2 protein chains.
Amino acid sequence: MNQTKSKYHHGDLRQSLIEAASRMINEEGIEGLSLRKLADRVGVSRTAPYHHFADKNALLCAIAAEGFRRWHNEAQRILSQTDLPPHTRYRQFAQGYIHYATRYPELYDLMFGRTIWKQASATEDLKAVAYPSFQHQVDITRQWQAEGLLPNSLDSLRLAQVTWGTLHGLARLVIDGIYADSSHIDEMVDTLVDLVCPPVKSLR
Amino acid sequence: MNQTKSKYHHGDLRQSLIEAASRMINEEGIEGLSLRKLADRVGVSRTAPYHHFADKNALLCAIAAEGFRRWHNEAQRILSQTDLPPHTRYRQFAQGYIHYATRYPELYDLMFGRTIWKQASATEDLKAVAYPSFQHQVDITRQWQAEGLLPNSLDSLRLAQVTWGTLHGLARLVIDGIYADSSHIDEMVDTLVDLVCPPVKSLR
DNA sequence: AGCAAATGTTGACGGTGTCAAGATATGTGC
DNA sequence: GCACATATCTTGACACCGTCAACATTTGCT
């Protein structure tokens, strides 16, 4: 029933749309994505997508949600390297974050840009993935504090906002092509780490 | 010749467009601005603006340029308070930055968002204002280093990218309504300052 | 087999940015 | 004061866009 793909009902439009849209977004940017071009490329009529997504925003939210899941996996991979000293792990986390953002700049813009979050247009599905991701950042920060990497005296939530905000800001400077260049990522991260947790009193 | 505004040639459409557009952007957001609505509100036909701006992008660049000039004035005002200790001035600068961003969120998005910078669509006029503004951040950073506020051991450019990136990131988190709330700005800035230049060895 | 639901299609509406061609006012040189 | 170039503004048109309504087809269930 799903073997030879005749031209009956296409099979799984929903996933095809997400994939094709992701590809188009990565190639031409979010602004360059139109539902009509997308439908055309997938080979269906303009309004077919509306049977799988309420509107364009819902499609974007679905793509963003997948971006969150992918980043979560990547972050877990980095943070689970318990054999590395905290200092190194922190640096790798920071580098991983910005590299992820710069490898999929349009996706990152979708995940954290105002297109979605500004006027509360996030889907429930998206929130269900994104909010825990935000909370996760606080948990990680608390752990860094416990490891002595960040000062224990500061409030964890505020500290999480600042540390994440810093990564977010650097990522945006790079992917928005403003004042920072992707070839300087590692140097910038090094500078950041040196600035935020410099002493490493226990070692040096 | 310019006293009673009859309906001849409108007088100074260009400035009227910029002002009306700024107002509309602040009210409904960048996405909500259309040249047709704008022209309608100002009382001219749809294509009249094209005699003053090459296209919509040029209009947005002109508005952004004014945003840069205004922020530059604000920054100068803060930094010229030489009677305050560096530490306090730094805090005020950071607070001023984020407050400026949150007071005109749509303008800030325009100034630093990818709408303009992503695919190098910035006007020459804009660049002429924006680039010196970026450079200014480096100068300020160098001064902070000279004052002992930031470590002298780090490269000024990288340090400027990091410090500005941090402010930029926090500002974006707040104005994009994601994970941070405008009522926490001061606390976040305090946390940031404590984190970045904590010891104040000379005093404590 | 038959019926309901899922899925896909064409047609249409109002909105957008912008180009081309024409109209009108302004300013300048004589 | 007149003529002409220039700046400015208008209407018409085109190609897009997102999305709704109505209709057609396929699928799955009983």
Side-chain angles (χ1 to χ4, degrees), chain A residues 1-21 24-25 27-64 106 110 115-116 118-119 121-123, chain B residues 1-21 24-25 27-64 106 110 115-116 118-119 121-123:
Chain A
M1 64 176 66
N2 57 1
Q3 199 65 312
T4 56
K5 45 165 67 177
S6 45
K7 54 180 60 174
Y8 51 118
H9 258 190
H10 183 284
D12 57 344
L13 225 196
R14 190 188 153 91
Q15 196 55 31
S16 294
L17 286 173
I18 291 184
E19 288 169 9
M24 288 176 69
I25 284 179
E27 291 167 3
E28 311 180 57
I30 295 178
E31 308 303 324
L33 174 73
S34 85
L35 286 191
R36 294 169 105 107
K37 273 192 296 183
L38 171 62
D40 195 52
R41 178 176 298 202
V42 174
V44 295
S45 73
R46 328 156 235 139
T47 57
Y50 285 87
H51 286 113
H52 300 272
F53 300 97
D55 51 16
K56 187 179 184 179
N57 179 66
L59 207 206
L60 296 180
C61 284
I63 296 176
E106 302 290 343
L110 200 53
T115 308
I116 284 181
K118 162 65 185 317
Q119 66 264 32
S121 61
T123 307
Chain B
M1 62 174 67
N2 57 2
Q3 201 64 312
T4 56
K5 45 167 63 177
S6 45
K7 55 181 59 174
Y8 51 118
H9 260 192
H10 184 285
D12 57 344
L13 224 198
R14 190 189 154 91
Q15 195 56 30
S16 295
L17 285 173
I18 291 183
E19 289 170 8
M24 290 176 70
I25 283 180
E27 290 167 5
E28 313 180 56
I30 296 177
E31 308 303 325
L33 174 73
S34 87
L35 285 192
R36 294 167 105 109
K37 274 192 297 185
L38 171 63
D40 195 53
R41 179 177 296 202
V42 174
V44 295
S45 74
R46 324 152 239 146
T47 56
Y50 284 87
H51 290 271
H52 301 272
F53 301 97
D55 51 16
K56 188 179 183 178
N57 180 67
L59 208 205
L60 295 180
C61 284
I63 295 176
E106 303 290 342
L110 201 54
T115 308
I116 284 180
K118 164 62 187 319
Q119 65 264 30
S121 61
T123 307

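Below, chain A is the first sequence line, B the second, and so on; all start at residue 1. Remember, it's a predicted structure, so these values are computed and weren't measured experimentally.
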Integer-rounded Å distance: [N] [atom2] and [X] [atom1]:
{"X": "A:Lys56", "N": "C:dT16", "atom1": "NZ", "atom2": "C1'", "answer": "12 Å"}
{"X": "A:Tyr50", "N": "C:dG11", "atom1": "OH", "atom2": "P", "answer": "18 Å"}
{"X": "A:Leu17", "N": "D:dG18", "atom1": "CG", "atom2": "P", "answer": "13 Å"}
{"X": "A:Arg14", "N": "C:dA6", "atom1": "CZ", "atom2": "P", "answer": "15 Å"}
{"X": "A:Leu59", "N": "D:dC17", "atom1": "CG", "atom2": "P", "answer": "15 Å"}
{"X": "B:Leu38", "N": "C:dT16", "atom1": "CG", "atom2": "C1'", "answer": "14 Å"}
{"X": "A:Phe53", "N": "C:dA6", "atom1": "CZ", "atom2": "P", "answer": "16 Å"}
{"X": "A:His51", "N": "D:dA21", "atom1": "NE2", "atom2": "C1'", "answer": "11 Å"}

Work out which heavy atom in [X] is nearest to a heavy atom in [Y]; give both atom names and the distance.
{"X": "A:Phe53", "Y": "A:Ala62", "answer": "CE2-CB, 3.9 Å"}
{"X": "B:Ser121", "Y": "B:Thr115", "answer": "OG-O, 3.5 Å"}
{"X": "B:Ser45", "Y": "B:Ala39", "answer": "O-CB, 3.4 Å"}

Between the side-chain atoms of A:Arg46 and the base atoms of C:dG8, is any donor-acceptor pair under 3.5 Å?
-> no
Residue [X], side-chain heavy atoms: nucleotide from [options] that is nearest:
{"X": "B:Arg36", "options": "D:dT10, C:dT16, D:dG12", "result": "C:dT16"}
{"X": "A:Leu13", "options": "C:dT9, C:dG8, C:dT16", "result": "C:dG8"}
{"X": "B:Lys37", "options": "D:dT19, C:dT16, D:dT10", "result": "C:dT16"}
{"X": "A:Ser34", "options": "D:dA21, D:dC17, C:dG17", "result": "D:dC17"}
{"X": "B:Ala48", "options": "D:dA13, C:dT10, D:dC9", "result": "D:dC9"}
{"X": "A:His52", "options": "C:dT16, D:dG12, C:dG8", "result": "C:dG8"}

Quick one: do A:Lys37 and A:Glu27 satisfy salt bridge (charged side-chain N to carboxylate O under 4.0 Å, His left out)? Show the steps, please.
-> CA-CA 13 Å; A:Lys37 273 192 296 183; A:Glu27 291 167 3; over 6 Å; no
Quick one: on DNA chain C, does B:Leu33 or A:Thr47 contact a more 5' nucleotide (nearest heavy atom)?
-> A:Thr47
Any side-chain heavy-atom pair from A:Ile18 and A:Gln15 closer than 4.5 angstrom?
-> yes
OP1 or OP2 of C:dG8 sitting under 4.0 Å from any side-chain N/O of A:Ser45?
-> no
